[in-house]
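This chain uses plain numbering: 1 for the first residue, then up along the sequence. Values below: all heavy atoms of this structure, side chains included; hydrogens, waters and symmetry mates excluded. What you are looking at is a predicted structure, and each value in this text was computed from that prediction instead of being measured.
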Amino acid sequence: MDTALPTASSPEPVHFLLVEDEAAHAELIRLSLVDNKVANTLDHVQDGEAALEYLQQEGRFSEARRPDVILLDLKLPKIDGHEVLEWIKGRDHLATIPVVVLTTSSNEIDRAKAYARHANSYLAKPVDFPQFQRMIRDLGLYWTVWNQPPARART
């Protein structure tokens, strides 16, 4: 039986933008993606305001790459994740970027608000570390191997 993982159909690396204010969570996510060889590239910003600057390629982010997938926490300083999500999905040139809400909140109201703002997925971070690692591995595999996005925009 072949247990090898499938390979991505596109030779281009998948670029993740992680929007996460908790440094420990960000590092766990980064390490889980790297350990499972699913993060081709990853940029990290720590608040909602920085996320909007990044996506608009403003200031220190003037050379930022357009992400292929955004991993978005909801509980963020300056501008919260719900507002960031609504802003992203309200812009034609960004709306097709998949946004995965990755949060500690399993609150039904947060989940409903996220999907109402067109989140592509909503994942509550497990407290159990091995489960968290598996979730990040599976998340990475889905978006880098299994998902078939539209052709990349040249922005």
Side-chain angles (χ1 to χ4, degrees), residues 4-105 110 113-125 132-155:
L5 292 173
T7 57
S9 58
S10 170
E12 293 184 48
V14 173
H15 181 60
F16 288 88
L17 172 61
L18 173 60
V19 186
E20 170 65 64
D21 65 321
E22 293 288 333
H25 287 183
E27 185 63 8
L28 288 174
I29 292 165
R30 188 190 70 74
L31 288 173
S32 294
L33 289 170
V34 169
D35 287 349
N36 290 294
K37 298 173 179 50
V38 294
N40 299 98
T41 59
L42 176 89
D43 283 336
H44 170 228
V45 296
Q46 295 182 330
D47 60 62
E49 185 176 280
L52 299 186
E53 289 173 8
Y54 182 101
L55 292 166
Q56 294 177 91
Q57 297 178 308
E58 293 180 345
R60 65 184 176 178
F61 302 112
S62 63
E63 300 295 319
R65 285 185 54 197
R66 174 189 165 93
D68 298 304
V69 178
I70 299 169
L71 305 177
L72 178 66
D73 190 13
L74 291 180
K75 309 299 184 206
L76 296 169
K78 300 184 182 179
I79 301 173
D80 84 354
H82 287 294
E83 292 175 84
V84 172
L85 175 60
E86 186 171 33
W87 184 90
I88 292 167
K89 295 303 184 174
R91 279 127 197 98
D92 289 341
H93 68 290
L94 299 174
T96 60
I97 298 173
V99 177
V100 177
V101 172
L102 186 57
T103 185
T104 57
S105 174
D110 279 337
K113 279 176 65 175
Y115 280 118
R117 288 169 170 80
H118 307 289
N120 297 87
S121 183
Y122 188 102
L123 301 174
K125 299 172 190 171
F132 180 76
Q133 283 186 303
R134 275 192 303 281
M135 183 185 73
I136 297 300
R137 181 203 61 214
D138 292 346
L139 166 78
L141 288 172
Y142 176 80
W143 291 107
T144 62
V145 176
W146 297 114
N147 186 56
Q148 296 184 8
R152 292 188 180 166
R154 302 288 177 213
T155 59

> In Å, rounded to the nearest 0.5 Å, how long is the span from CG of L85 to CG of L72?
Replying inline: 6.0 Å
> At what distance, to the nearest 0.5 angstrom, does CG of L18 lie from CD1 of I29?
Replying inline: 5.0 Å
> With a 4.5 Å heavy-atom cut-off, do I70 and I88 have their side chains touching?
Replying inline: yes
> Could you give the distance from NE2 (H15) to CZ (R65), rounded to the nearest 0.5 Å?
Replying inline: 5.0 Å
> Which residues pass the salt bridge (charged side-chain N to carboxylate O under 4.0 Å, His left out) test with D21, sequence neighbours left out?
Replying inline: none
> About how many Å separate CD of E83 and CG of L52, when rounded to the nearest 0.5 Å?
Replying inline: 9.0 Å
> Quick one: are I97 and P67 in side-chain contact, heavy atoms under 4.5 Å?
Replying inline: yes
>> Under the ring-ring contact (aromatic ring centres under 6.0 Å, His included) definition, can you give me all pairs with a residue in residues 40-59, not counting sequence neighbours?
In response: Y54-F61
> Could you state the interatomic distance from CG (D73) to CG (D80), rounded to the nearest 0.5 Å?
Replying inline: 10.0 Å
> Which pairs pass salt bridge (charged side-chain N to carboxylate O under 4.0 Å, His left out) with one or both residues in residues 86-97, sequence neighbours excluded?
Replying inline: E86-R117
> Do any N or O atoms from the side chain of E20 and from the backbone of E22 form a donor-acceptor pair under 3.5 angstrom?
Replying inline: yes
>> Could you walk me through whether Q133 and R137 satisfy the side-chain contact (heavy atoms from CB on, under 4.5 Å) test, starting with their C-alpha distance in whole Å, then the side-chain angles of each, then the deciding distance to 0.1 Å, before giving a yes or no?
In response: CA-CA 6 Å; Q133 283 186 303; R137 181 203 61 214; over 6 Å; no
> Residues in side chain to side chain donor-acceptor pair (under 3.5 Å) with K75, at least two apart?
Replying inline: D110
> Do L71 and L139 have side-chain heavy atoms sitting under 4.5 Å apart?
Replying inline: yes
> Is a donor on one side and an acceptor on the other found under 3.5 Å between the side chain of Q57 and the backbone of A64?
Replying inline: yes
>> Quick check for you: to the nearest 0.5 Å, what is the distance between D68 atom CG and F16 atom CZ?
In response: 8.0 Å
> Is the side chain of N147 donor-acceptor paired with the backbone N or O of Y142 at a distance under 3.5 Å, no angle test?
Replying inline: no
>> Please give me the minimum heavy-atom distance between V101 and A114, naming the atom from each residue.
In response: CG2-CB, 4.0 Å
> By side chain to side chain contact (heavy atoms under 4.5 Å, CB included), which residues pair with T104, not counting sequence neighbours?
Replying inline: H25, K125
> Under the salt bridge (charged side-chain N to carboxylate O under 4.0 Å, His left out) test, which residues partner E27, sequence neighbours left out?
Replying inline: R30
